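Structure provided below as structure tokens; questions to follow.
Just so it is clear, the structure is predicted and the values come from calculations on it, not from any experiment.
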Amino acid sequence: MSKRVRVRFAPSPTGGLHLGGVRTVLYNYLFAKKHGGDFIVRIEDTDQSRYVQGAEEYIFDCLRWCGLDPDESVQHGGKYGPYRQSERKEIYRKYAEQLVKDGHAYYAFDTPEDLEKMRHDFKTEQNTSPQYDHTIRMKMRNSLTLSADESRKLLAEGTRPVIRIKMPDQETVSFKDMIRGDVSFDTSLVDDKVLLKADGMPTYHLAVVVDDYLMQISHAFRGEEWLPSAPVHILLWKYLFGLDHMPRWAHFPLILGPNGKLSKRDGAKYGFPVFAMRWTDPKTVELTEGFKEKGFLPEAFINLLALLGWNDGTEQEIFTKEELVEKFSIERVHSGGAKFDYEKAKWFNHEWIKKSGVGSLESGVRNVLIEKGIAGIDDVVLNKVIGLVKDRCSLLTDFYDQAYFFFKSPENWDVDAVKPKWNEAKKLFFAELTRNFELNPDWKATVLENNFKEIAAVNEIKPGEVLLPFRIMLVGGKFGPAVFDIAEVLGKEETIARIEKAVSVF
RNA sequence: GGCCCGUUCGUCUAAGGGCUAGGACACCACCCUUUCACGGUGGUGAUACGGGUUCGAAUCCCGUACGGGCUACCA
């Protein structure tokens, strides 16, 4: 039977698509693709008050950039739609009422104030946060405690009830997590979760079960933060559709920041991005850069995320997406949380830049240079430059620091490195060098190097003494790739111009 | 507080009863390089603690500690 794997997203204002989210998508995607199944993305806009315009598109943009496009979604279509939760409202109500009819759920009329009072009144040292559970449900206002007449009266008055699951007392619910093995819960310690809210929208708990059934989901993998509510979902499966149809579950470990949990809110505070792509907080209009803007390649991004909590058992660390699909196995995903290490992330990107062909880096590098104000970039020159400097760039944005001097003549020179040993003999050498370069018909690095050394020999100067000044003339400092390669790319006119300009300053 | 999950170098991890606990990032040293990187070689560095089970435990069991998650008409 073909596998159908889904991942769910809430377009909420709490933040952009963060590392953990992308990794969850990635593992779901890899599993689906490995088994020739369908990868489905669901949008959870159950809480309309939190819904943010644009967040949905943002999520799909991120997935597109990562190369993790779904087979089915609100954007991609599919035959199990609608794929947006708010368009499935009536479906959820039907199942919630079915549960009430079967005695597995009940209407609750408690107001937010009632609930607050309950949490206050029942709070003790042993129980610091009381829950709406089997011990107190009979002390609240719901269809279990009120008579039919009283309920009808409340409804007539316009009170909109919620539907809560009636958790059984003293039952053990267990399931086999594909990563953790057997996990079990005592139902008396789980509260009566709201299934259908007063506004008629379902909570995650109802929606996830109903949708997974109707959409014939075979596997559902999510973050570890969902583990405590698993018993609710399992019970709903049991009551509504039977455990035989329940998808296989796996709960991924969390990705941690330097001091504990990785918070979406803290965005850029860590000194490294936490989002896949730039996210603008709609409330504060605060803009947070993502891995894309920081100069990561999408191939490197999914590679490093895949290895944060999974490995194939060999010592291989660099994987293409195709290799990941082939080698991924859910059983090899770790159960422990992983702390994110930005240094290692940059190493992955560096490896990918080195591995990438000049052509595939071209547009990304061009954008970086344009953003830094370098205009009129020649294609041929850009390609040569990328080939020359890509081994020394960890991030796409490093290309500016490593290559700006190909496009901008130096304004300042590291004169301290030249001046102390600068003399007439060297001046003469460079005068002769420019004359030689002017007449040079074959502007190639190797030719330039030979001529350079010959002139040095004739002038009885060690090449080493004039090599560093030459470099500083061309780029301004003690950095960059091999000097003669730089000169070749710069071209005859520019090289000579830079030498003459610098000589006049030294 | 209660419940659940977890714990191997600083970090990501390998080793699922059996050689000196392996690799990668970071760090340090040396080599290469008439700049800086890349690269190469080597080095420092870990089984949280205490009990069991076993000829033998990082590995299985129990307890403790620590970390994380959940405890909303959020997801």
- F221(A) ring center within less than 6.0 Å of Y27(A) ring center: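 Between Y27(A) and F221(A), the centre distance exceeds or equals 6.0 Å.
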- Message: Classify H251(A) by what it touches in the nucleic acid, base, sugar-phosphate, or nothing, heavy-atom distance under 4.0 Å.
- Response: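 It contacts nothing in the nucleic acid.
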- Looking at every strand, decide which applies to D199(A) at a 4.0 Å heavy-atom threshold: base, sugar-phosphate, or nothing.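 Result for D199(A) = nothing.
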- Quiz item: K344(A) side-chain donor-acceptor pair to A24(B) base, under 3.5 Å: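 Such a pair is found, so the answer is yes.
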- Query: Is the NZ or CZ atom of K355(A) both under 6.0 Å from the centre of the six-membered ring of W352(A) and within 45° of that ring's axis?
  - Reply: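 So K355(A) does make the cation-pi contact.
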- When the nearest nucleotide of RNA chain B is assigned to A198(A) and to L467(A) on a heavy-atom basis, which residue is associated with the more 5' position?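 Counting from the 5' end, the first nearest nucleotide belongs to L467(A).
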- For P253(A), answer base if it contacts any base atom (sugar-phosphate contacts may also be present), sugar-phosphate if it contacts only those atoms, and nothing otherwise; contact means non-hydrogen atoms under 4.0 Å.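 Nothing: the residue P253(A), judged by heavy atoms under 4.0 Å, touches no strand.
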- Name the nucleic acid region contacted by A345(A), choosing base, sugar-phosphate or nothing; use a 4.0 angstrom heavy-atom cut-off, strictly under.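 The answer is nothing, as A345(A) stays clear of every strand by at least 4.0 Å.
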- Salt bridge flag under 4.0 Å for residues K354(A) and E351(A):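 Salt bridge present between K354(A) and E351(A).
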- Query: Just checking G477(A): base, sugar-phosphate only, or nothing, at a heavy-atom cut-off of under 4.0 Å?
  - Reply: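 Nothing, no nucleic acid heavy atom in range.
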- Query: Taking the P atom of each, how far is A57(B) from A21(B), in whole Å?
  - Reply: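 Roughly 14 Å separates the two P atoms.
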- Message: What contact category does V483(A) fall into here, base, sugar-phosphate, or nothing, at under 4.0 angstrom with non-hydrogen atoms?
- Response: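 The residue V483(A) makes no contact with any strand.
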- Query: Any chance the rings of W310(A) and F319(A) have centres within less than 6.0 Å?
  - Reply: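 Ring-ring flag for W310(A)/F319(A): true, centres closer than 6.0 Å.
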- Task: Tell me what F9(A) touches on the nucleic acid: a base, only sugar-phosphate, or nothing, going by heavy atoms under 4.0 Å.
- Result: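 Nothing: the residue F9(A), judged by heavy atoms under 4.0 Å, touches no strand.
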- Message: If you compare every side-chain N and O of K453(A) against the phosphate oxygens of U34(B) (OP1, OP2), does one of them come in below 4.0 Å?
- Response: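 K453(A) to U34(B) OP1/OP2: no side-chain N or O under 4.0 Å.
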- Item | Short side-chain N/O contact to C25(B) OP1/OP2 from H350(A), under 4.0 Å |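 No, no such contact exists.
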- Query: In residues 115-127 of chain A, what residues come within less than 4.0 Å of RNA chain B, judged by heavy atoms?
  - Reply: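 Heavy-atom cutoff 4.0 Å gives L115(A), R119(A), E125(A), Q126(A), N127(A).
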- Item | Upstream residue (5' side of RNA chain B) when Q131(A) and C393(A) are each assigned their closest nucleotide |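 First, find each residue's nearest nucleotide; the 5'-ward one identifies C393(A).
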- Using a 4.0 Å heavy-atom cut-off across all strands, classify V194(A) as base, sugar-phosphate, or nothing.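 Sugar-phosphate, no base atom in range.
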- Query: Does NZ or CZ of R137(A) come closer than 6.0 Å to the centre of the six-membered ring of Y132(A), within 45° of the ring's axis?
  - Reply: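 R137(A) over Y132(A) ring: no.
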- If we ignore angles and hydrogens, is there a donor and acceptor under 3.5 Å between the side chains of R119(A) and Q131(A)?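 The answer is no; no qualifying pair exists.
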- Message: Tell me whether the side-chain N/O atoms of R160(A) come closer than 4.0 Å to OP1 or OP2 in C73(B).
- Response: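 No.
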- Message: With the 90 degree cut-off around zero defining syn, does C38(B) come out syn or anti?
- Response: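 Syn for C38(B); the angle stays within 90° of 0.
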- Task: Run the salt-bridge test on K238(A) and E171(A) with the 4.0 Å N-O cut-off and return the result as yes or no.
- Result: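 Salt bridge: yes.
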- Message: Under 4.0 Å, heavy atoms only, any strand: does G336(A) hit a base, just the sugar-phosphate, or nothing?
- Response: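 If one applies the 4.0 Å heavy-atom cut-off, G336(A) turns out to touch the sugar-phosphate alone, with no base involved.
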- Message: Looking at R332(A), I'd like to know whether one of its side-chain N or O atoms comes within less than 4.0 Å of OP1 or OP2 on A15(B).
- Response: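 Yes, such a contact exists.
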